[in-house]
Asker: 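Please read through the structure below; I'll follow up with questions.
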Amino acid sequence: TPETFRVSSFGEPRSLRWYSADWFHSNVAKVRWLNWGDPIPASPPSSWGFKHWGKAYEITSDLSRKHTWKHMSQDHGASGFYVQNHQMEPYISRLAASCAPRE
């Protein structure tokens, strides 16, 4: 059940057909992290019948480079297109900055 099994992913592409994605979304607790600009979560196109599953959170930054994250729809692919944002380092550094204790 979602209470006993948890999954986290970073920059994951759409990997399941809609019927399988909906089943997993209802039965497995998953958090999907998306960097703003990472093009991979937007592929393959949903028009091909693929869909994400799990709660999506997009990590963004403002002009002062302050990182924040917000909840997005289940099938949200990241906004923007910056291939370098698919690397793991931007995910780690942005999450660390947005989750760091405020002084």
Asker: Can E12 and K30 be counted as an ion pair, charged N to O under 4.0 angstrom?
Answerer: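 Counted as a salt bridge, because a side-chain N and a carboxylate O are separated by less than 4.0 Å.
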Asker: R32 vs H52, test: side chain to side chain contact (heavy atoms under 4.5 Å, CB included). Steps then yes/no.
Answerer: CA-CA 9 Å; R32 296 187 310 109; H52 284 295; 3.1 Å; yes
Asker: What residues form a side chain to side chain contact (heavy atoms under 4.5 Å, CB included) with W23, not counting sequence neighbours?
Answerer: N27
Asker: Establish whether Y19 and W48 are linked, either directly or via other cluster members, by ILVMFWY side-chain heavy-atom contacts under 4.5 Å.
Answerer: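 No: no chain of side-chain contacts under 4.5 Å links Y19 to W48.
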Asker: To the nearest 0.5 Å, how far apart are CZ in F10 and CG in D38?
Answerer: 12.0 Å
Asker: Quick one: side chain to side chain contact (heavy atoms under 4.5 Å, CB included) partners of S46, sequence neighbours excluded?
Answerer: R14, D75
Asker: Taking only residues two or more places apart in sequence, or in another chain, which ones meet Y57 in a ring-ring contact (aromatic ring centres under 6.0 Å, His included)?
Answerer: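 Checked Y57 against ring-ring contact (aromatic ring centres under 6.0 Å, His included); matches are W33, W69, H71.
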Asker: Can you sort out the partners of S93 under side-chain hydrogen bond (donor to acceptor under 3.5 Å, both in side chains), two or more places apart, ordered by chain and number?
Answerer: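 For S93, the residues satisfying side-chain hydrogen bond (donor to acceptor under 3.5 Å, both in side chains) (neighbours in sequence not counted) are E89.
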Asker: List the residues meeting side chain to side chain contact (heavy atoms under 4.5 Å, CB included) with L16, not counting sequence neighbours, and say none if there are none.
Answerer: S20, A21, F24, W53
Asker: When clusters are formed from ILVMFWY side-chain contacts under 4.5 Å, directly or step by step, what else is grouped with I40?
Answerer: none
Asker: Would a 4.5 Å heavy-atom cut-off, applied to side chains only, mark V7 and V28 as touching?
Answerer: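 Touching, per the 4.5 Å side-chain cut-off.
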